[in-house]
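Structure incoming, see below.
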Amino acid sequence: MSGPEAARRPTADVADRAATGFTEAYGEPPVGRWAAPGRANLIGEHTDYNDGFVLPFALPLRTVVAAAPHPDGTWRVCSELSGETIGFGADEVAEPGRVTDWGAYVAGVVWALREAGHAVPGARLAIASDVPLGAGLSSSAALEAAVLTALVDLGGLDLPAERQPRLAQRAENGYVGAPTGIMDQSAVIRCRAGHALFLDCRDESIEHVPFDLDAAGLAVLVVDSRAPHRHADGEYAARRGSCERAAGLLGVAALRDVPAQGLDDALARLDEEETRRRVRHVVTENQRVLDTVALLRAGRVREIGPLLTASHASMRDDFEITVPEVDTAVEAALAAGALGARMTGGGFGGCVLALVDAERADAVAAAVTAAYAERGFPAPGHVTVLPGPGATRLD
């Protein structure tokens, strides 16, 4: 799937595809189906590894795993995305790197469960997904969470929801080798419909903050910029290193400990202009998350738009992680009447979120598409969403 517009099919349809794929692969129906969503971060970018605050919400786009026990104690997995069926046993699971490509996310969950002392049941799995790949909407976390939820149920494992995000993160960090933070796994597992998840990345405490767009006559337009991720890995590492060095120079454990009211004093203690810009983004972005949460708690959802737009300007000017495609999408959405818009995700590509009046969503999307055509960019993808639930068993 190349973009969110390819993921308009409802959850029931993707669930049916998973069940059909299971039956075709294994000759009998599954015993159940488990789903986990993609996620979008409403606000709070590059704050997670600075021990700060984030505010993601679950998308209605989902990955579904149909599953049944495998009596020989091994694992077999088929995926509609690749058309492959793979198998692995305890030996492959025991060594990170033995299972590669998309299968590593499945094997990584088994590995992390076993490392945590759980007796993981052998299983046959079939995967179907409407979460677009490579768009920054956490397709990998959705896969991990759907597999994890299925294996926990199949094995009757004692693993409450509050402990599951850390285990899923361990799978991605320790087996797949991707240095992700805790936000994605927390969002896809613990989000609630109609809410955003206010997550403190230092102590991992959460609050379900009302984000009832439907009642307010609003929606979020997700635009896939179709921008290739340019040097994302190296640039991400550079930003993280800059933040860690700045925290050391300022004598704090993390930039989260620099209060907004003390920002000017902190910046005056730093010699490099680039470092000052990085610090300014993180400190002001944390405050924007707190301000957004306060507005949502008060039911003033329409008023968060300027905070989203300010977040984008900070990512563009201070953290320098946007690209022309995402800037064009934000500018066009705002010009067409969006209440606020920002890039979401790590940067250098990915998606843009625009808070829009629900009845204006199509018009805003059309304006973004027209702006892309004027700039000679490939046409963007788009989908209009409301906050959905986290990982769950469907049947």
Side-chain angles (χ1 to χ4, degrees), residues 15 18-19 22 25-26 28-37 39 58 62-79 86-96 98-99 102-129 138 140-176 178 180 182-192 197 199 204-206 389-395:
F22 186 97
Y26 307 117
E28 61 184 30
V31 300
R33 295 175 293 184
W34 293 261
R39 70 97 189 98
R62 301 201 145 215
T63 294
V64 176
V65 170
H70 201 346
D72 70 1
T74 63
W75 298 270
R76 289 185 62 78
V77 193
C78 64
S79 170
I86 64 171
F88 51 88
D91 289 344
E92 290 93 339
V93 169
E95 293 183 42
R98 290 282 297 275
V99 182
W102 63 269
Y105 294 95
V106 181
V109 171
V110 176
W111 173 80
L113 282 166
R114 287 163 60 92
E115 286 283 300
H118 296 285
V120 187
R124 294 163 293 168
L125 311 169
I127 301 164
S129 184
S138 294
S140 62
L143 174 57
E144 291 158 355
V147 170
L148 176 61
T149 306
L151 293 177
V152 166
D153 275 3
L154 288 176
L157 307 182
D158 181 18
L159 188 65
E162 60 268 21
R163 288 170 47 203
Q164 292 180 17
R166 181 61 69 187
L167 191 142
Q169 183 201 19
R170 173 76 172 135
E172 190 152 353
N173 293 170
Y175 196 95
V176 178
T180 57
I182 196 65
M183 176 179 69
D184 293 354
Q185 288 81 8
S186 295
V188 303
I189 291 171
R190 305 194 69 184
C191 274
R192 292 179 182 170
L197 187 79
L199 172 65
E204 298 179 25
S205 60
I206 65 167
T392 187
R393 182 169 184 166
L394 300 178
D395 55 25

>> A side-chain contact here means heavy atoms from C-beta on lying under 4.5 Å apart; do Glu144 and Ser138 qualify?
In response: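 In short, these two side chains do not touch, never coming nearer than 4.5 Å.
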> What is the minimum heavy-atom distance between Arg190 and Pro165, and which atoms define it?
Replying inline: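 Smallest interatomic distance, heavy atoms only, reads CD-CG, 3.8 Å.
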> When you measure from the side chain of Arg393 to the backbone N and O of Arg33, does any donor-acceptor pair fall under 3.5 Å?
Replying inline: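 Flag not set: sc Arg393 to bb Arg33 has no pair under 3.5 Å.
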>> Quick check: do Cys191 and Arg39 have side-chain heavy atoms less than 4.5 Å from each other?
In response: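 Side chain of Cys191 against side chain of Arg39, heavy atoms only: no contact under 4.5 Å found.
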> Counting N and O atoms only, with roles assigned by atom type, does the side chain of Tyr105 sit under 3.5 Å from a partner on the main chain of Ala171, one being a donor and the other an acceptor?
Replying inline: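 Absent.
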> Measuring from Leu151:CG to His118:NE2, what's the distance to the nearest 0.5 Å?
Replying inline: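 With rounding to 0.5 Å, CG (Leu151) is 11.5 Å from NE2 (His118).
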>> Show, in sequence, the C-alpha distance, side-chain angles and deciding distance for Val99 and Trp111, and conclude whether the side-chain contact (heavy atoms from CB on, under 4.5 Å) test is met.
In response: CA-CA 11 Å; Val99 182; Trp111 173 80; over 6 Å; no
> Pro389 and Ala58: which non-hydrogen atoms are nearest, and at how many Å?
Replying inline: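 Scanning both residues completely, I find the closest heavy atoms to be O-CB, 3.6 Å.
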> If you look at every heavy atom in Trp75 and Val120, which pair is closest and at what distance?
Replying inline: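 The pair with the smallest heavy-atom distance is CZ2-O, 3.9 Å.
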> Should the heavy atoms of other residues, nucleotides or ligands under 6.0 Å from CZ of Arg98 be counted, would the total exceed 12?
Replying inline: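 Yes, the 6.0 Å shell around CZ holds more than 12 heavy atoms from other groups.
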>> Using side-chain heavy atoms (C-beta onward) and a distance below 4.5 Å, is Trp34 in contact with Leu154?
In response: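 Trp34 vs Leu154: side chains touch.
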>> Has Arg62 got a side-chain atom pairing as donor or acceptor with Gly390's backbone, closer than 3.5 angstrom?
In response: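 Yes, Arg62 side chain to Gly390 backbone: donor-acceptor pair under 3.5 Å.
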> Between Tyr175 and Val110, is a side-chain contact (heavy atoms from CB on, under 4.5 Å) present by the stated rule, with each step listed?
Replying inline: CA-CA 10 Å; Tyr175 196 95; Val110 176; over 6 Å; no
> Can you check whether Gln169's main-chain N or O pairs, donor with acceptor, with Glu172's side chain at less than 3.5 Å?
Replying inline: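 No: the side chain of Glu172 does not pair with the backbone of Gln169.
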> What pair of heavy atoms forms the shortest contact from Val188 to Ala145, and how long is it?
Replying inline: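 So the two residues come closest at CG2-CB, 3.6 Å.
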> For the atom pair CG (Leu143) and OG1 (Thr63), what is the distance rounded to the nearest 0.5 Å?
Replying inline: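 So the CG of Leu143 and the OG1 of Thr63 are separated by 6.0 Å.
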> Passes side-chain contact (heavy atoms from CB on, under 4.5 Å), Leu113 versus Leu159? Steps please.
Replying inline: CA-CA 9 Å; Leu113 282 166; Leu159 188 65; 3.8 Å; yes
>> Using the rule given for side-chain contact (heavy atoms from CB on, under 4.5 Å), can you reason through Arg124 versus Phe22, listing the C-alpha separation, both sets of side-chain angles and the distance that settles it, and then say yes or no?
In response: CA-CA 8 Å; Arg124 294 163 293 168; Phe22 186 97; 3.9 Å; yes
> Measuring from Asp153:CG to Leu148:CG, what's the distance to the nearest 0.5 Å?
Replying inline: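 Atom-to-atom, Asp153:CG and Leu148:CG are 9.5 Å apart.
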> Is the shortest heavy-atom distance from the side chain of Leu199 to the side chain of Ile182 under 4.5 Å?
Replying inline: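 A side-chain contact exists here, since the closest heavy-atom pair is under 4.5 Å.
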>> Nearest 0.5 Å, please: how far is CG in Leu167 from CZ in Arg163?
In response: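 Here the rounded value is 8.5 Å.
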> With distance as the sole test, does Tyr26 use its side chain to make a donor-acceptor pair with the main-chain N or O of Arg76 at under 3.5 Å?
Replying inline: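 Checked: pair present.
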> Which atom pair, heavy atoms only, marks the closest approach of Ala123 to His70?
Replying inline: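 Reported closest heavy-atom pair: N-CB, 3.3 Å.
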> Taking the side chain from Asn173 and the backbone from Ala178, do they hold a donor-acceptor pair closer than 3.5 Å?
Replying inline: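 Judged by distance alone, yes, a pair lies under 3.5 Å.
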>> Return the CG to SG distance between Leu125 and Cys78, rounded to the nearest 0.5 Å.
In response: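 SG of Cys78 is found 8.0 Å from CG of Leu125.
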> Which atom names give the shortest non-hydrogen contact between Ile189 and Ala161, and what distance separates them?
Replying inline: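 Closest heavy-atom pair between Ile189 and Ala161: CG2-O, 4.1 Å.
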> Does any non-hydrogen side-chain atom of Val147 lie less than 4.5 Å from one of Val77?
Replying inline: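 Side chain of Val77 against side chain of Val147, heavy atoms only: no contact under 4.5 Å found.
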>> Measuring only between side-chain heavy atoms, which start at C-beta, is Ser186 closer than 4.5 Å to Leu197?
In response: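 Ser186 vs Leu197: side chains touch.
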